[in-house]
Amino acid sequence: MSLPNISRVSASGLLRSSCDLRWLLRSVAPLAAPRRALTHMGYRRPGQPREDRPPWWRVKFDLAKGLKGMKRHFKLLKEEFFAPFVGPMGKPIIEHMLEQNQVLWEFRGPHSLQEWTISCDREIGGKSEIYLKVGRNNESCLLYGTLCSDPPKDGETRYSGYCTMRSKQPLASFDRKKYHDWSSFNTLHLRVRGDGRPWMINIVPETYYTHQKDDMYSYFLYTRGGPYWQDVKIPFSKFFLAHRGRIQDDQHPVWLDKINSIGFTLGDKADGPFQLEIDFIGVCKDYAHTEDFAYEKYKRNPEV
Amino acid sequence: MAPPIYSALIISLGLGTTMTFASTHWYLAWMGIEINTLAIIPLMAQNHIPRAIEATTKYFFVQATASATLLFAGISNAFLTGQWDITYTPYTLTSTLITLALAMKIGLAPLHSWMPEVMQGLNLLTGLILSTWQKLAPLYLIYQIQPNNPNIFIALGLLSIIVGGWGGFNQVQLRKILAYSSIAHLGWMILILSFSPPLALLTIIIYILMTFSLFSSFMLTRTTHINSLSTTWAKIPILTVSTPLILLSLGGLPPLTGFMPKWMILQELTKQSLCPLATMAALSSLFSLYFYLRLSYAMTLTMPPNNPAGTLPWRLNPRHNTLPLALTTTSTICLLPMTPAIMSLMPF
């Protein structure tokens, strides 16, 4: 294959043709590389379909949908404006101060599943499956599926086998990020019915630096397999810091004033079906629990 | 932090402010401010937790931007006037730029957005240094520049009073409340600066006394949230009596000390035939008073929802030095009758 002839252009010629940059680009574009979509950023996994459509083809322009969206956002903005007149976070101060328990997510119908998203290793080429549906009598939600630890055969992934359910980021008007403020509470309270598998609860707070975006605070949820419901109370002081699943040496307690999401992950390398039923997820203030942090803070450079 | 390093940083903090106080040249004043900024950065970041590092980074960016603007304005002033004297700023452009840079340094509205987030990420001691000591050098420079047109000071001051009150309206985190309180009080100070600089000095001194006593109270009780205020009575009962008085003093209620600067400022504004401005400032401070009252209510008039006798932690530390708190609390509560004496000492 011969290389294309790159014609030399004089300076005056460049000035004349400065408006027509396509001419200039055409001469230096590689011949053998396939044409990639303009918005295809990053690595494409083998087996994933190639996305070659330009972005304006993927957006569905709909006036009715746009008007509905604007109406929703302005309604949220109005609520946000008038909420401070009631009290912090829209609740009277006395209610805010006296509350000891707050139910954050209560699964009582299909609408409650919209705040959650599920994911498994199928995204990286694995074979696990995960589904989320409303439980019996609309009294709970059921997270179920099949775990498979076989790594995808793409030559680069060595480990696989995870399923996760995560709450979506709360959004204020005009899709601005909003955070959960759990600083009045010190314990996570769940009512679950599992199948005996050990799950991991992950809390993802708001971070500032890009290298902190995979930081999460995790703890274990050991489920009993029986037909009875299980009340689990985990103090926030027990949550330890992990980055991309790796536990960090420099530990500190989780700051509860800006929480983005909470999630449940299963990755116990036991292939087979699983299920987890959740009644509610809430937070509570346990005055008897006075521990600030459960782990010794590791000093990497101890003073001698 | 190792004691020698800690001492060096504290001494640098003092050195920076003192250098600015002693300077008449823009370069030296700017250098003092930079030393101040750089000395507090390690103090803010000494806890290696993400929120503290985030607060430090945000603080650094804001202060560096303001310092660069200040230096540019100083150099422009020197270029236009031919001299580096701080007090000689005849051109509106340079004096406005200097004012805005210094306003950003101290967190006046509309350049205040960084302050609550930075305060929230720090511990109470560092927050105290940020609210009090770090304001002195920029305020001194604002005091010196004496712009021709006081309208910018009036605009900054009034906006800060309104924003400081409105912003703290919905807060439950004590450090953010203190940040908004700082913004509001600096607004009062800036408002009167062009009319009566000694009154501005009085305001900042009384503000430092009140803020120091409030921060010290919160440090003793280890409270950073409004909910934990309700359990103060079981920790240190005397603070449950004195802290609401400090809060009401911050709100400017007579017969407490905090009423003194507000009273004098309103009187001065009235003498300058600025009654609408005085009315607006007084009405805007009602927002601040509301959240101070809310804190007082949470501390003294609410009981936690369970019996705290056997379950609350006793955090009494017998080695903690409470003398500064005692002195500043007494000053915060009892100095109003000495107003005539203080006014006679003021160099009007």
Side-chain angles (χ1 to χ4, degrees), chain A residues 80-101 181-186 205-209 211-213 215-217 241 243 248-258 284-293 297-304, chain B residues 1-3 5 47-58 61 116-118 120-121 165-177 222-231 234 287 290-291 293-295 297-299 301-315:
Chain A
E80 276 168 36
F81 184 77
F82 287 110
F85 292 101
V86 178
M89 289 177 274
K91 287 184 289 193
I93 185 66
I94 193 71
E95 189 184 315
H96 179 86
M97 287 190 58
L98 292 178
E99 69 176 350
Q100 275 185 288
N101 301 283
D181 183 359
W182 299 340
S183 48
S184 305
F185 309 98
N186 63 358
E206 172 69 7
T207 53
Y208 185 63
Y209 292 100
H211 64 258
Q212 289 172 329
K213 73 176 172 61
D215 280 2
M216 63 173 65
Y217 295 80
L241 173 65
H243 176 78
Q248 301 298 297
D249 290 334
D250 207 2
Q251 288 289 334
H252 52 264
V254 54
W255 279 53
L256 295 163
D257 58 342
K258 277 185 179 176
C284 64
K285 171 90 174 164
D286 184 0
Y287 283 93
H289 183 80
T290 55
E291 184 185 58
D292 287 331
F293 192 51
K297 293 178 190 178
Y298 179 89
K299 269 193 173 177
R300 281 169 296 175
N301 296 311
E303 289 156 14
V304 180
Chain B
M1 190 179 277
I5 298 174
N47 294 325
H48 291 286
I49 50 177
R51 292 300 289 277
I53 306 296
E54 177 187 336
T56 311
T57 311
K58 284 178 180 173
F61 283 149
E117 290 295 321
V118 167
Q120 177 62 15
W166 180 252
F169 210 63
N170 201 25
Q171 295 297 331
V172 292
Q173 300 285 347
L174 294 181
R175 285 168 288 191
K176 282 192 177 176
I177 287 176
R222 310 271 176 100
T223 49
T224 52
H225 195 275
I226 197 172
N227 285 355
S228 46
L229 283 178
S230 61
T231 55
F287 288 124
Y290 178 75
F291 62 75
L293 272 174
R294 181 188 270 173
L295 291 179
Y297 175 74
M299 205 160 182
L301 299 174
T302 52
M303 284 288 286
N306 63 338
N307 184 2
T311 55
L312 274 182
W314 286 87
R315 300 195 190 277

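Each chain gets a letter, A, B and so on, in the order its sequence line appears, and its residues count up from 1. Heavy-atom basis, side chains included; hydrogens, waters and symmetry copies ignored. All values reported here derive from a predicted model rather than from experimental measurement.
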Close side-chain approach of B:Val172 and A:Met97, heavy atoms under 4.5 Å: no
Part of B:Ile53 within contact of chain A (heavy atom distance under 4.5 Å): both
CD1/B:Ile5: more than 12 non-hydrogen atoms of other groups inside 6.0 Å: no
Options B:Thr302, B:Ile226, B:Asn47, B:Ile49, ranked by heavy-atom pairs under 4.5 Å with chain A, top entry: B:Ile49
Plane angle bin for B:Phe169 and A:Phe85 - parallel if under 30°, tilted between 30 and 60°, otherwise perpendicular: perpendicular
Winner by heavy-atom pair count (cut-off under 4.5 Å) against chain B, out of A:Pro205, A:Ser183, A:Gly90, A:Ala83: A:Ser183
Nearest non-hydrogen partners of B:His48 and A:His252, listed with the distance: O-ND1, 4.3 Å
Closest approach of B:Pro50 to A:Tyr217 (non-hydrogen atoms, all atoms of both residues): CG-OH, 4.4 Å
A:Tyr209 side, atom OH; B:Glu54 side, atom CD - distance, nearest 0.5 Å: 8.0 Å
Straight-line distance of B:Asn227 CG to A:Glu99 CD, nearest 0.5 Å: 8.0 Å
Contact leader toward chain A among B:Gln171, B:Arg294, B:Gln173, where contacts are heavy-atom pairs under 4.5 Å: B:Arg294
Partner set under salt bridge (charged side-chain N to carboxylate O under 4.0 Å, His left out) for A:Lys285, not counting sequence neighbours: none
Leading residue by heavy atom contact count with chain A [cutoff under 4.5 Å; candidates B:Thr224, B:Leu229, B:Asn170]: B:Asn170
With sequence neighbours excluded, residues passing salt bridge (charged side-chain N to carboxylate O under 4.0 Å, His left out) with A:Asp215: none
Atom group of A:Leu241 that falls short of 4.5 Å from chain B, counting heavy atoms: neither
Per-residue contact mode, A:His96 against chain B (heavy atom under 4.5 angstrom): both
Pair A:Asp257-B:Gln120, side-chain donor/acceptor within less than 3.5 Å: yes
